[in-house]
A.B. asks: 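Below you'll find the structure I mean.
Every number for a ligand or one of its atoms is a count from 1 in the order of the listing.
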Amino acid sequence: MTHVQQNSFSSIQKEFPILSRKIGKHSLVYLDNAATTQKPLTVLKAMDAYYRLHNANVHRGIYRLAEEATLAYELAHQKTADFIHAQSMREIIFTRGTTDSLNMLARMLSSSVEKGDEIVVSQIEHHSNLIPWQQLANAQKAALKFIPLDKKSGMLDLSRIDKIITSKTKIVSIPHVSNVLGTIVPIKEIARRAHKVGAVVSVDAAQSVPHMPVNVRSLECDFFSFSGHKMYGPTGIGVLWGKESLLNHLEPVSFGGEMVREVYYDRATWNDLPWKFEAGTPPIAEGVGLSAAIDFLQKQGMEKVRAHEKELVKYAYDKLFALKNISIYGPEPKFRSGVITFNATPVHPHDLASLLNEKGIAIRAGHHCAMPLATLLNISASARASFGIYNTQQEVDLLVESIKKAQSIFSGGKRAVV
Ligand SMILES: Cc1ncc(COP(=O)(O)O)c(C=O)c1O
């Protein structure tokens with residue numbers, strides 16, 4: 001079977017300096033995009049120029065540099081709002097990343113949860129969308145309930161959703177895309193059920209925003225969290241989007257810096273949105289980097305990004321599926337984003353990752369920050385290849401050939417060239 005490599009991104013690797021690196025004598029094949037993505041030159045240059053030419057603290061000075069820095073930082077909010085189709089930049093809070101956004105949100109919502117209430121998550125959560133809610137539920141003596149995984153289809157089982165999301169449910173927090181299974185979760189369907197009982201809906205979108213067009217309004221959620229570094233931007237910045245009508249009624253959870261309007265010895269009042277939720281000196285250079293990453297993605301077109309990764313994941317899935325002694329976790333390719341988690345018997349995933357590294361191939365091995373899901377799947381570890389805009393079918397071919405060789409070595413074949 002010959003596949004024609006969709007070539008809309010055929011020359012894009014050139015825009016990522018790190019991708020021309022050698023690992024030993026091999027070209028780097030970077031397949032750990034769910035953990036973090038590499039950065040295009042435009043992002044590196046934008047951050048470099050910011051520090052060389054414009055660096056100052058924001059919202060404070062009235063001199064030229066401070067005005068430029070403030071403008072760039074505010075523009076980053078506006079671009080982010082446009083990118084996810086938010087109503088306005090007042091709804092865009094910059095955080096340190098998805099984990100920070102979700103922890104912050106759990107603290108912001110804590111007073112709305114009382115003893116006997118329920119919080120709903122799913123069985124496929126990354127720890128970052130499990131532990132904050134687990135801690136909140138424990139602290140308030142509320143119950144934490146789970147939308148189950150249908151292990152056969154790799155999708156969430158929504159058949160009993162009315163029993164799980166009930167009149168006691170105050171918060172539903174679900175992933176848009178599973179970082180282990182690649183499953184795309186039907187957010188709108190779950191949000192509609194949650195809203196029927198008056199619950200608020202938070203979405204962990206760490207694995208969707210970089211890979212598909214998103215529109216927070218058509219998803220019908222209330223809060224939406226994602227990370228800059230997984231979308232070709234810098235580390236140290238993330239986003240918490242919230243509906244303005246809800247954010248207006250929530251109290252800040254971090255204090256100091258430009259989040260205040262007036263301060264007295266015994267009390268303080270808060271700045272406008274979104275600044276009331278951004279305490280201290282914010283991630284300014286990172287905001288500039290995130291702006292450049294959004295420009296980069298928009299230039300490619302998110303529909304095209306999705307089409308490229310969909311084709312690649314189908315190609316990789318079919319090739320991996322054809323191997324002997326392979327277990328692939330999660331749904332059919334058409335229901336997943338660009339993540340494939342698997343075990344290639346008899347090779348332990350850590351051994352596999354280390355053998356692939358000898359070929360310059362970077363994949364992830366372990367529990368992928370989702371230990372309860374690994375337990376549910378009856379595995380202690382797995383290997384994960386996750387794709388981005390710059391990956392190609394040739395790289396998938398190399399991955400699959402190298403897995404085959406690793407299997408042969410561990411089945412008693414010769415340990416020679418992997
Ligand atoms: C689904 C999901 N949620 C949350 C996170 C946490 O993101 P960060 O480490 O950027 O805070 C990740 C990162 O792997 C993820 O995949």
A.B. asks: Any Lys/Arg nitrogen of D318 or K314 sitting under 4.0 Å from an Asp/Glu carboxylate oxygen of the other?
C.D. replies: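 Here D318 pairs with K314 in a salt bridge, since their nearest N and O are under 4.0 Å apart.
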A.B. asks: How close does the nearest protein non-hydrogen atom get to atom 15 (C) of ligand 1, and which residue and atom is it?
C.D. replies: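 Residue, atom and distance for the closest contact: H126 CD2, 3.3 Å.
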A.B. asks: Under 4.0 Å from ligand 1, counting heavy atoms only, is it the side chain of H229, its backbone, both or neither?
C.D. replies: side chain
A.B. asks: How close does the nearest protein non-hydrogen atom get to atom 16 (O) of ligand 1, and which residue and atom is it?
C.D. replies: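 Sorting protein heavy atoms by distance from atom 16 (O) of ligand 1 puts Q207 NE2, 2.7 Å first.
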A.B. asks: Is the Y317 ring parallel, tilted or perpendicular to the F321 ring (thresholds 30°, 60°)?
C.D. replies: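 Ring orientation of Y317 relative to F321: parallel.
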A.B. asks: Under a 4.0 angstrom heavy-atom cut-off, which atoms of ligand 1 come close to K230?
C.D. replies: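 Matching atoms, with element in brackets: 7 (O), 10 (O), 12 (C), 13 (C), 14 (O).
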A.B. asks: Counting from 1, what ligand 1 atoms have a heavy atom of T99 closer than 4.0 Å?
C.D. replies: 6 (C), 7 (O), 8 (P), 9 (O), 11 (O)
A.B. asks: Based purely on interatomic distance, does D100 place a nitrogen or oxygen under 3.5 Å from a nitrogen or oxygen of ligand 1?
C.D. replies: no
A.B. asks: Is the distance from the ring center of H367 to that of H127 below 6.0 Å?
C.D. replies: yes
A.B. asks: Show the nearest heavy-atom pair for residues F277 and E251, with the distance to one decimal.
C.D. replies: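 Of all heavy-atom pairs spanning F277 and E251, the closest is CE2-O, 3.5 Å.
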A.B. asks: Under 3.5 Å between any N/O of S128 and any N/O of ligand 1: does that happen in this structure?
C.D. replies: no
A.B. asks: Between E125 and Q134, does a side-chain hydrogen bond (donor to acceptor under 3.5 Å, both in side chains) hold up when you go through it step by step?
C.D. replies: CA-CA 12 Å; E125 300 307 335; Q134 188 188 74; over 6 Å; no
A.B. asks: Could you identify the single nearest non-hydrogen protein atom to atom 3 (N) of ligand 1 and state the distance to 0.1 Å?
C.D. replies: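 Nearest protein contact, heavy atoms only, for atom 3 (N) of ligand 1 is D204 OD2, 2.6 Å.
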A.B. asks: The test is salt bridge (charged side-chain N to carboxylate O under 4.0 Å, His left out); show your working for D272 and R90 and say whether it passes.
C.D. replies: CA-CA 8 Å; D272 294 332; R90 289 189 297 281; over 6 Å; no
